Amino acid sequence: MSNLSSTNSAKLSNFEKKVYLSLTKVQRGKVVTYATLAGFPGAARAIGNAMNKNPFAPTLLCHRVVKNDGSLGGFAHRTRRKMELLRSGKVFVENEKIADFEKIKLK
DNA sequence: CTATTGACGACAT
DNA sequence: CATGTCGCCAATA
């Protein structure tokens with residue numbers, strides 16, 4: 001890998017690489033769903049695993065990944081934190097859901 | 001190679 | 001609209 005984290009030895013699978021790479025394309029103020037990030041339907045769960053292992057902790061913005069229904073989903077460090085991070089990126093959360101989800105999510 | 005698991009999704013109740 | 005069930009995929013034991 002070239003662009004991703006430098007503090008990584010990378011023994012990542014093709015799938016993982018693709019996911020992390022796509023994640024770097026998520027602009028500030030936008031979010032993406034697990035399913036969409038996967039690139040094909042059904043792999044949403046696998047994405048969660050990828051994020052959970054997440055080798056590039058702060059480097060890779062894993063907090064911009066949310067569920068398809070607009071809820072935050074899970075997070076390795078607590079959902080509160082995730083919301084804070086999102087708010088910092090101009091992504092606001094209301095009632096446990098992403099505000100204007102349909103407008104800011106990437107397809 | 002099989003079984004288990006998990007930051008999910010769609011559908012039925 | 002809230003919960004429950006079953007199905008998906010990839011990684012790990």
Side-chain angles (χ1 to χ4, degrees):
Chain A
M1 264 311 170
S2 41
N3 241 340
L4 299 179
S5 177
S6 40
T7 65
N8 158 274
S9 304
K11 28 183 174 17
L12 302 167
S13 295
N14 215 340
F15 180 74
E16 303 287 324
K17 288 195 264 182
K18 209 170 129 170
V19 172
Y20 299 131
L21 205 49
S22 302
L23 195 48
T24 62
K25 293 172 182 135
V26 183
Q27 314 157 38
R28 172 168 167 280
K30 300 278 185 173
V31 295
V32 62
T33 67
Y34 293 94
T36 302
L37 184 59
F40 65 97
R45 239 168 171 167
I47 296 297
N49 281 330
M51 294 299 103
N52 191 23
K53 292 170 187 170
N54 181 25
F56 326 91
T59 310
L60 190 52
L61 295 339
C62 45
H63 55 267
R64 287 181 186 158
V65 188
V66 298
K67 296 191 27 170
N68 203 36
D69 64 348
S71 58
L72 295 187
F75 198 55
H77 301 287
R78 207 59 181 167
T79 311
R80 292 291 193 211
R81 181 63 176 162
K82 185 168 185 173
M83 189 177 79
E84 291 295 312
L85 290 169
L86 281 168
R87 192 166 57 76
S88 301
K90 301 295 177 258
V91 177
F92 297 94
V93 180
E94 289 184 16
N95 215 338
E96 304 289 303
K97 304 251 180 175
I98 301 290
D100 296 317
F101 178 55
E102 293 296 330
K103 299 180 182 178
I104 66 176
K105 80 174 184 181
L106 300 180
K107 289 194 296 330

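All values reported here derive from a predicted model rather than from experimental measurement. So that the names make sense, note that chain A is the first sequence line, chain B the second, and so on, each numbered from 1.
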Between A/Ile98 and A/Leu86, is the side-chain contact (heavy atoms from CB on, under 4.5 Å) condition met? List the steps.
CA-CA 9 Å; A/Ile98 301 290; A/Leu86 281 168; 4.0 Å; yes

Chi angles and distances behind the side-chain contact (heavy atoms from CB on, under 4.5 Å) call for A/Arg28, A/Arg64:
CA-CA 9 Å; A/Arg28 172 168 167 280; A/Arg64 287 181 186 158; 3.4 Å; yes

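Within residues 100-107 of chain A, no residue approaches DNA chain C, by heavy-atom distance under 4.0 Å. Residues of residues 31-49 of chain A that place a heavy atom closer than 4.0 Å to DNA chain C, in numerical order, are A/Phe40, A/Gly42, A/Ala43, A/Arg45, A/Ala46, A/Asn49.
A side-chain donor-acceptor contact under 3.5 Å links A/Lys82 to the backbone of A/Val65. Between the side chain of A/Asp69 and the backbone N or O of A/Ser71, at least one donor-acceptor pair lies under 3.5 Å.
Rounded to an integer number of Å, the gap from NZ of A/Lys97 to C1' of C/dA2 is 10 Å. When rounded to the nearest whole Å, the span between OH of A/Tyr20 and P of B/dA7 equals 14 Å. In this structure, A/Met51 places its CE atom 13 Å from P of B/dA7, rounding to the nearest Å. One can place NZ of A/Lys18 at 10 Å from P of C/dA10, the figure rounded to the nearest angstrom. The distance from atom CG of A/Leu72 to atom C1' of B/dC8 is 14 Å, rounded to the nearest whole Å. Rounded to an integer number of Å, the gap from A/Lys67 NZ to B/dG9 P is 6 Å. Rounded to an integer number of Å, the gap from CZ of A/Phe15 to C1' of B/dG6 is 13 Å. Following rounding to the nearest Å, A/Lys17 (NZ) and C/dA10 (P) show an atom-to-atom distance of 16 Å.
Proximity of A/Phe101 to A/Thr33: side-chain heavy atoms (C-beta onward) are separated by under 4.5 Å at one or more points. Two residues are said to be in side-chain contact when any heavy atoms from C-beta on lie closer than 4.5 Å; A/Leu106 and A/Val26 meet this criterion.
In this structure, CD in A/Glu102 is found 9.5 Å from NZ in A/Lys107, a value given to the nearest 0.5 Å. The line from SG of A/Cys62 to CD1 of A/Ile47 is 12.5 Å long, rounded to the nearest 0.5 Å. If you take CD on A/Glu94 and CG on A/Asp100, they are separated by 8.0 Å, rounding to the nearest 0.5 Å.
Checking A/Lys17, A/Lys18, A/Glu16 one by one against A/Tyr20, the side chain to side chain donor-acceptor pair (under 3.5 Å) holds for a single residue, A/Glu16. Results of the side chain to side chain contact (heavy atoms under 4.5 Å, CB included) test with A/Val66 over A/Val93, A/Val91, A/Leu72 single out A/Leu72 as the only residue that passes.
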Produce the list of close N/O pairs, under 3.5 Å, pairing protein atoms with atoms of nucleotides 10-13 of chain B; give distances to one decimal.
residue: B/dA10; atom: OP1; partner: A/Asn68; partner atom: ND2; Å: 3.3
residue: B/dA10; atom: OP2; partner: A/Asn68; partner atom: ND2; Å: 3.1

